[in-house]
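Single-structure report; data block below.
Fair warning: this is a prediction, and the values are worked out from it, not measured in the lab.
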Amino acid sequence: MEKIQMKTPLVEMDGDEMTRILWQMIKDELLLPFIDLKTEYYDLGLEHRNETDDQVTIDAANATKKYGVAVKCATITPNAARMTEYNLKEMWKSPNGTIRAMLDGTVFRAPIIVKGIEPCVKNWKKPITLARHAYGDVYKNTEMIIPGPGKVELVYTAEDGTETRALVHEYKGAGIAQGMHNLNDSIESFARSCFEYALDTHQDLWFATKDTISKKYDHTFKDIFAEIFEKEYKAKFAEAGITYFYTLIDDAVARVMKAEGGFIWACKNYDGDVMSDMVSSAFGSLAMMTSVLVSPHGYYEYEAAHGTVQRHYYKHLKGEETSTNSVATIFAWTGALRKRGELDQIPELSAFADKLEKATLDTIADGKMTKDLALITALENVQVLNSKDFIQAIRSTMENM
């Protein structure tokens, strides 16, 4: 069979631990035999980020601006334990946070629905898409250890030198402090991305923050969404027969648990991070969720919505068998390939992405799956496959389609 030819490379961002192992398996078994795969490769493994003082992450983001489409493996965001484990020069920031800050836009995450895997929330009948703001908040924070009594202030110095101060806290003893920021331009991009995605997918849009407590920070999000909706999207939503509404994040959580799904839930950066994990887990597995960063500048970055599967990696290093779910990582590749095919007008590439996704879901529906899915499936007499055998079973399904 002649391989599908590509015109423009994908930006390929390799990652860490077990997902790095799966990454190579997916390429070897599911991509390279069928596609003349063109990528510009960046190693975002923690060791290489440390060697380059994290410059490789910045280079990868700039390459995404150049080529327009990227696919990213899960990466480690180091904590104190990782500092020691990897002998790091410093506790490098989240590579996802760095990339999202440079590209701007919104992360859309949706569960991958497959026959035999029923949501924990019985009334969820349709996917719930999480729209996560991809800039600022805790992911671009500045933190400080407060050693003892004193005060912490926020200080804004205008271009003319005038200062505005706000007391954060008067400390009587040791503590901690954190500063966060956001940008009106980025919030406006977030809002428009959500409204456009709702129109494109014909789904209602919910937006939730905690503006009753955060009367300036969160309230600004609420106000910007409301202003853009009234001026630019109210009539379009009415014509499309879909709705937009704002509510408090705690009210949204209660509503989501009673809803049937089929809507977009827009959240600030951290809220979207946490809630997308909740939704994906309740739909079946953290490894069964797509994630794409859509930038208003025309950049797309596809990734799995889960971490590096550290526990399985340590088993792998000991030579023990693992049964790690690779579905979300496969769908990161298919999403990027489909978008590359659309942009470069290569219908064969987009069709291949569709075929690989169908083969993946058909394999699971046929009762061949990894252990995490076998534990929750409604199917009977399923075959639990190890990490490599599952990927090879998908290849077999695809070749027989």
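A salt bridge is defined here as a Lys NZ or Arg NE, NH1 or NH2 lying under 4.0 Å from an Asp or Glu carboxylate O, and Asp218 with Lys268 meets this definition. For the pair Arg20 and Asp16, the salt-bridge criterion is not met [side-chain N within less than 4.0 Å of a carboxylate O]. Under the 4.0 Å criterion applied to side-chain N and carboxylate O atoms, Asp43 and Arg49 are not assigned as salt-bridge partners. Salt bridge present: Glu357 and Arg338 bring a charged side-chain N and a carboxylate O closer than 4.0 Å. Look at Glu260 and Lys125 and you find no salt bridge, because none of the NZ, NE, NH1 or NH2 atoms lies under 4.0 Å from a carboxylate O.
In this structure, Asp362 contributes its side chain and Thr397 its backbone to no donor-acceptor pair below 3.5 Å. Between the side chain of Thr334 and the main chain of Phe331, a donor-acceptor pair closer than 3.5 Å is present. With hydrogens and angles ignored, the 3.5 Å screen pairs no side-chain donor or acceptor of Thr377 with any backbone N or O of Leu373. Between the side chain of Ser214 and the main chain of Lys210, no donor-acceptor pair closer than 3.5 Å is present. Using a distance-only test at 3.5 Å, with no hydrogens or angles considered, no donor-acceptor pair links the side chain of Ser281 to the main chain of Asp277. When atom types are taken as modelled, the side chain of His202 and the backbone of Ala240 share a donor-acceptor pair closer than 3.5 angstrom. Side-chain atoms of Tyr300 never come within 3.5 Å of backbone atoms of Val71 as a donor-acceptor pair (strictly under, hydrogens ignored). No donor-acceptor pair under 3.5 Å is formed between the side chain of Asp366 and the backbone N or O of Lys368. A side-chain donor-acceptor contact under 3.5 Å links Ser280 to the backbone of Ser276.
The neighbour count for Lys3 NZ, taken as heavy atoms of other residues, nucleotides or ligands under 6.0 Å away, is above 12. Within a 6.0 Å sphere centred on NZ of Lys93, heavy atoms belonging to other residues, nucleotides or ligands number more than 12. Applying the 6.0 Å contact sphere to CD1 of Ile176 captures no more than 12 heavy atoms from other residues, nucleotides or ligands. Summarising the local packing, OH of Tyr270 is surrounded by 12 or fewer heavy atoms from other residues, nucleotides or ligands at distances under 6.0 Å. Other residues, nucleotides and ligands contribute at most 12 non-hydrogen atoms within 6.0 Å of the NZ atom of Lys115.
Ring geometry for Phe225 versus Phe190: interplanar angle over 60°, hence perpendicular rather than tilted (30 to 60°). Ring pair Trp206/Phe245 is tilted by interplanar angle, where 30° to 60° counts as tilted.
Using modelled atom types and a 3.5 Å distance limit, the side chains of Asn184 and Glu188 yield no donor-acceptor pair. Of the N and O atoms on the side chains of Gln310 and Glu17, not one donor lies less than 3.5 Å from an acceptor on the other residue. Neither side chain, Thr57 nor Thr98, offers a donor N or O lying under 3.5 Å from an acceptor on the other. Between Tyr135 and Asn269, the side chains place no donor N or O within less than 3.5 Å of an acceptor N or O (distance only, hydrogens not considered). Between the side chains of Lys72 and Thr75, a donor-acceptor pair is found at a separation under 3.5 Å. Counting only N and O atoms by type, the side chains of Glu12 and Tyr42 include no donor and acceptor under 3.5 Å apart. With no hydrogens or angles considered, no side-chain donor-acceptor pair links Tyr139 and Asn96 at under 3.5 Å. For the 3.5 Å distance criterion, the side chains of Ser186 and Asp104 qualify, holding a donor opposite an acceptor. Side-chain atoms of Glu321 and Asn386 form a donor-acceptor pair, as typed in the model, at a separation below 3.5 Å. Residues Tyr314 and Glu320 have side chains that never bring a donor and an acceptor to within less than 3.5 angstrom of each other. For the residue pair Tyr246/Asp211, the side-chain donor-acceptor check at 3.5 Å is satisfied. With 3.5 Å as the limit, one finds no donor-acceptor pair spanning the side chains of Thr322 and His316. Side chain to side chain, Glu342 and Ser350 fail the donor-acceptor criterion of an N or O pair below 3.5 Å. Between Thr370 and Ser323, the side chains place no donor N or O within less than 3.5 Å of an acceptor N or O (distance only, hydrogens not considered).
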Worksheet item: Going through the checks in order, is the side-chain contact (heavy atoms from CB on, under 4.5 Å) test met by Leu10 and Glu40?
Response: CA-CA 6 Å; Leu10 292 173; Glu40 186 162 303; over 6 Å; no
Worksheet item: Which is it for Phe195 and Tyr244 under the ring pair (Phe, Tyr, Trp, His ring centres under 6.0 Å) test, yes or no, and what are the steps along the way?
Response: CA-CA 8 Å; Phe195 292 133; Tyr244 163 70; 5.2 Å; yes
Worksheet entry | Derivation and outcome, side-chain contact (heavy atoms from CB on, under 4.5 Å), residues Val121 and Met257 | CA-CA 7 Å; Val121 183; Met257 299 308 290; 3.6 Å; yes
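Within the 4.5 Å cutoff, the side chain of Thr64 has no heavy atoms near those of the Ile99 side chain.
Closest non-hydrogen pair, Phe108 versus Ala131, comes out as CE2-CB, 3.6 Å. When every heavy atom of Met13 is checked against every heavy atom of Ala70, the shortest pair comes out as CE-CB, 3.7 Å. Looking at every heavy atom in both residues, Glu90 comes nearest to Asn50 through N-OD1, 4.4 Å. The minimum heavy-atom distance linking Thr106 with Ser193 is given by the pair OG1-CB, 3.4 Å.
A cation-pi contact links Lys236 to Tyr233, judged by a cut-off of 6.0 Å to the six-membered ring centre and 45° from its axis. Figure legend: cation-pi geometry between Lys234 and Phe229 absent, as NZ or CZ is not positioned both under 6.0 Å from the six-membered ring centre and within 45° of its axis.
With values rounded to the nearest 0.5 angstrom, Cys267 atom SG is found 5.5 Å from Leu130 atom CG. Separation of atoms NE2 (His306) and OG1 (Thr308) is listed at 9.5 Å; rounding is to 0.5 Å. One finds the CG atom of Asn400 at 11.5 Å from the CZ atom of Arg395 (value rounded to the nearest 0.5 Å). Remark: Ile394 CD1 to Asp389 CG distance equals 11.5 Å, nearest 0.5 Å.
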